[in-house]
Amino acid sequence: MTRPSSLRLRLVSITIIFLACGPTFGMYFATESLRDIVWLGLLVGALALALGWFIWSDRFLRQTNALLLTARRLTAGDLKARTGPAEKQEDLSALANAIDIMAASLEKQVAERERAEWTLLNRTHQQTVIAALGQFALTTTNFDDLLQQAVNFMPQTLEVAFCGIWERQPGSDDALRLQAGAGWHAGSVG
């Protein structure tokens with residue numbers, strides 16, 4: 001629990017002043033029998049005020065502590081943190097709903113950012129592979145080595161298990177020959 005607020009201390013001190021000064025003013029204007037009733041009324045009123053204040057403040061402090069816990073969890077990076085059902089925070093339901101909406105929005109923004117970063121990283125990787133393949137093409141004179149280098153890069157870039165470059169056999173409409181490949185059984189290429 002948190003310490004009592006300054007507002008709570010002020011209300012308690014006003015109640016004490018009221019209890020101390022109220023009967024004094026009433027004594028000057030009341031008869032003997034009315035003085036006892038004034039004292040009893042002040043005592044009952046003060047007890048009711050104190051009881052109501054402590055019940056309300058305990059409930060209010062529990063609600064604010066729940067909101068504070070959720071805010072701390074959000075600050076720590078737990079974007080799944082929520083304040084709970086709005087029925088539990090009757091006095092602070094608007095604030096609780098605003099915190100829940102903010103948490104959902106933050107969670108969505110982080111997910112979108114992570115998707116964008118992944119897409120950017122993937123595109124950067126693809127461009128690096130294209131540049132490396134281009135550099136290799138400029139330095140080699142062997143076409144079969146260039147094809148093999150291309151199929152070595154493709155599975156990593158496209159995130160596939162098999163990759164191949166097929167050549168149609170002369171004189172046949174449906175016969176293909178695996179010219180270069182990655183992920184195939186040994187001896188499949190050629």
message = Using side-chain heavy atoms (C-beta onward) and a distance below 4.5 Å, is V110 in contact with E114?
response = yes

request  = Please indicate whether F143 has more than 12 foreign heavy atoms, meaning atoms of other residues, nucleotides or ligands, lying under 6.0 Å from its CZ.
outcome  = no

task = Hey, could you give me the CG/CG distance between N142 and L146, rounded to the nearest 0.5 Å?
result = 9.0 Å

remark   = Of all heavy-atom pairs linking A104 and R82, the shortest is CA-NH2, 3.4 Å

inquiry  = Quick check against the 3.5 Å criterion: does T128 have a side-chain atom that pairs as donor or acceptor with the backbone of T124?
reply    = yes

query = Under 3.5 Å, is there a donor-acceptor pair linking the side chains of N152 and Q148?
reply = yes

Interatomic spacing from CG in L67 to CZ in R72 - rounded to 0.5 Å = 12.0 Å

request  = Please answer: with hydrophobic residues joined when any side-chain heavy atoms are less than 4.5 Å apart, are F162 and W166 in the same cluster?
outcome  = yes

query = Same hydrophobic cluster for V151 and L147, using side-chain heavy-atom links shorter than 4.5 Å among ILVMFWY?
reply = yes

inquiry  = Under 4.5 Å between side-chain heavy atoms, counting indirect links through other Ile/Leu/Val/Met/Phe/Trp/Tyr residues: same cluster for L79 and M102 or not?
reply    = yes

Distance-minimising heavy-atom pair for P155 and C163 = CG-CB, 3.8 Å

query = Do L106 and I99 share a hydrophobic cluster, counting only Ile, Leu, Val, Met, Phe, Trp and Tyr and linking them when any side-chain heavy atoms are less than 4.5 Å apart?
reply = yes

key: Note, F153 side chain near I130 side chain (heavy atom, < 4.5 Å)   = no

ask   = Got Q149 and L133 here, is their nearest side-chain heavy-atom distance under 4.5 Å?
value = yes

ask   = For the side chain of T140 and the backbone of A137, is there at least one donor-acceptor N/O pair under 3.5 Å apart?
value = no

request  = Can you measure from CG (L176) to CD1 (I165) and round to the nearest 0.5 angstrom?
outcome  = 13.0 Å

